[in-house]
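Worksheet: the structure to be examined is printed underneath.
We count residues from 1, following the sequence as given.
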Amino acid sequence: MVTSKEYSKIVEKSSPKSKTALCCVRAFLIGGGICAAGQYIYELLRLWGLDEITARTVTSVTLIFAGVLLTALGVYDKIARKAGAGTLVPITGFANAMSSSAIEFKSEGFIVGVGAKMFVIAGPVIVYGVSASVVYGIVLWVLHLFGITLY
């Protein structure tokens, strides 16, 4: 019988060595690149005369479209293998999570496959995001009742 300490030593010896520093650098560079691309799109749209709110909206839609398109073409996963957490930049990572689930289960049909499975990964994000916004809203409302303004 193997003790837990012996088992831990066996696992440590047989596990590949982690390249944490390299992974962090890749995540930073690729995640930063995605953010820089979004900023570039926004600045370009502002230069073309769009107002701030419209430029933000078009930038978000463009990044979502790019994330879905790259997922459908199989490119996003290849980038994610190198970038790790860098591709989890919220808007493109969320688009990838939604579209990859939908693509994976499209053979099961639009209702049971795409419609149901699309929210398997993204569902908890939506639930916690909405729940957090409700809690934050209540906190702001209570603070407002006491005359405290944070914005």
Side-chain angles (χ1 to χ4, degrees), residues 11-12 14-151:
V11 169
E12 186 177 323
S14 62
S15 297
K17 300 297 179 214
S18 175
K19 299 176 183 174
T20 305
L22 180 62
C23 291
C24 288
V25 169
R26 282 184 185 162
F28 176 78
L29 291 175
I30 293 177
I34 292 170
C35 293
Q39 187 66 38
Y40 179 78
I41 292 166
Y42 170 78
E43 296 296 339
L44 192 63
L45 293 170
R46 291 287 288 156
L47 213 86
W48 288 345
L50 268 69
D51 63 283
E52 185 177 342
I53 293 173
T54 305
R56 286 179 181 178
T57 303
V58 173
T59 300
S60 297
V61 169
T62 303
L63 290 172
I64 290 168
F65 176 77
V68 171
L69 180 65
L70 292 174
T71 299
L73 296 174
V75 175
Y76 202 91
D77 290 337
K78 291 176 184 174
I79 295 169
R81 278 190 214 108
K82 294 287 184 192
T87 55
L88 294 177
V89 174
I91 200 159
T92 55
F94 191 71
N96 171 260
M98 295 286 290
S99 59
S100 63
S101 295
I103 290 167
E104 183 177 345
F105 293 101
K106 71 179 178 182
S107 63
E108 295 180 24
F110 283 113
I111 305 291
V112 178
V114 175
K117 302 295 184 178
M118 183 167 48
F119 293 101
V120 169
I121 294 174
V125 175
I126 294 170
V127 169
Y128 286 109
V130 170
S131 300
S133 67
V134 168
V135 170
Y136 298 149
I138 291 170
V139 168
L140 284 175
W141 177 69
V142 169
L143 290 174
H144 181 70
L145 288 177
F146 291 105
I148 302 170
T149 305
L150 299 178
Y151 49 91

Subject >> Nearest-0.5 Å distance, CZ of residue Arg46 to CD of residue Glu43 >> reply: 8.0 Å
Subject >> Closest contact, heavy atoms only, Gly93 versus Tyr76 >> reply: N-OH, 3.4 Å
Original post:
Does atom CD of Glu52 have more than 12 heavy-atom neighbours, drawn from other residues, nucleotides or ligands, at distances under 6.0 Å?
Top reply: yes
Original post:
So, for Gly38 and Leu63, which heavy atoms are closest and what is the spacing to 0.1 Å?
Top reply: CA-CD1, 3.9 Å
Original post:
If you measure from CG on Leu44 to CD1 on Ile41, what distance do you get to the nearest 0.5 Å?
Top reply: 8.5 Å
**OP:** Start with the C-alpha gap between Ile91 and Ile64, add the side-chain angles, then the distance that decides, and say whether side-chain contact (heavy atoms from CB on, under 4.5 Å) holds.
**Re:** CA-CA 6 Å; Ile91 200 159; Ile64 290 168; 3.5 Å; yes
Original post:
side-chain contact (heavy atoms from CB on, under 4.5 Å) between Val142 and Ile148: does it pass, once the steps are laid out?
Top reply: CA-CA 9 Å; Val142 169; Ile148 302 170; over 6 Å; no
**OP:** Find the distance between CG (Leu145) and CH2 (Trp141) and round it off to the nearest 0.5 Å.
**Re:** 5.0 Å
**OP:** Drop me the distance from Leu88's CG to Ile30's CD1, to the nearest 0.5 angstrom.
**Re:** 12.0 Å
**OP:** Measure the shortest side-chain to side-chain distance between Asn96 and Thr87 over non-hydrogen atoms and say whether it is less than 4.5 angstrom.
**Re:** no
Subject >> From CG (Leu45) to CG (Asp51), nearest 0.5 Å >> reply: 10.5 Å
**OP:** Can you measure from CZ (Arg26) to CD1 (Ile79) and round to the nearest 0.5 angstrom?
**Re:** 13.0 Å
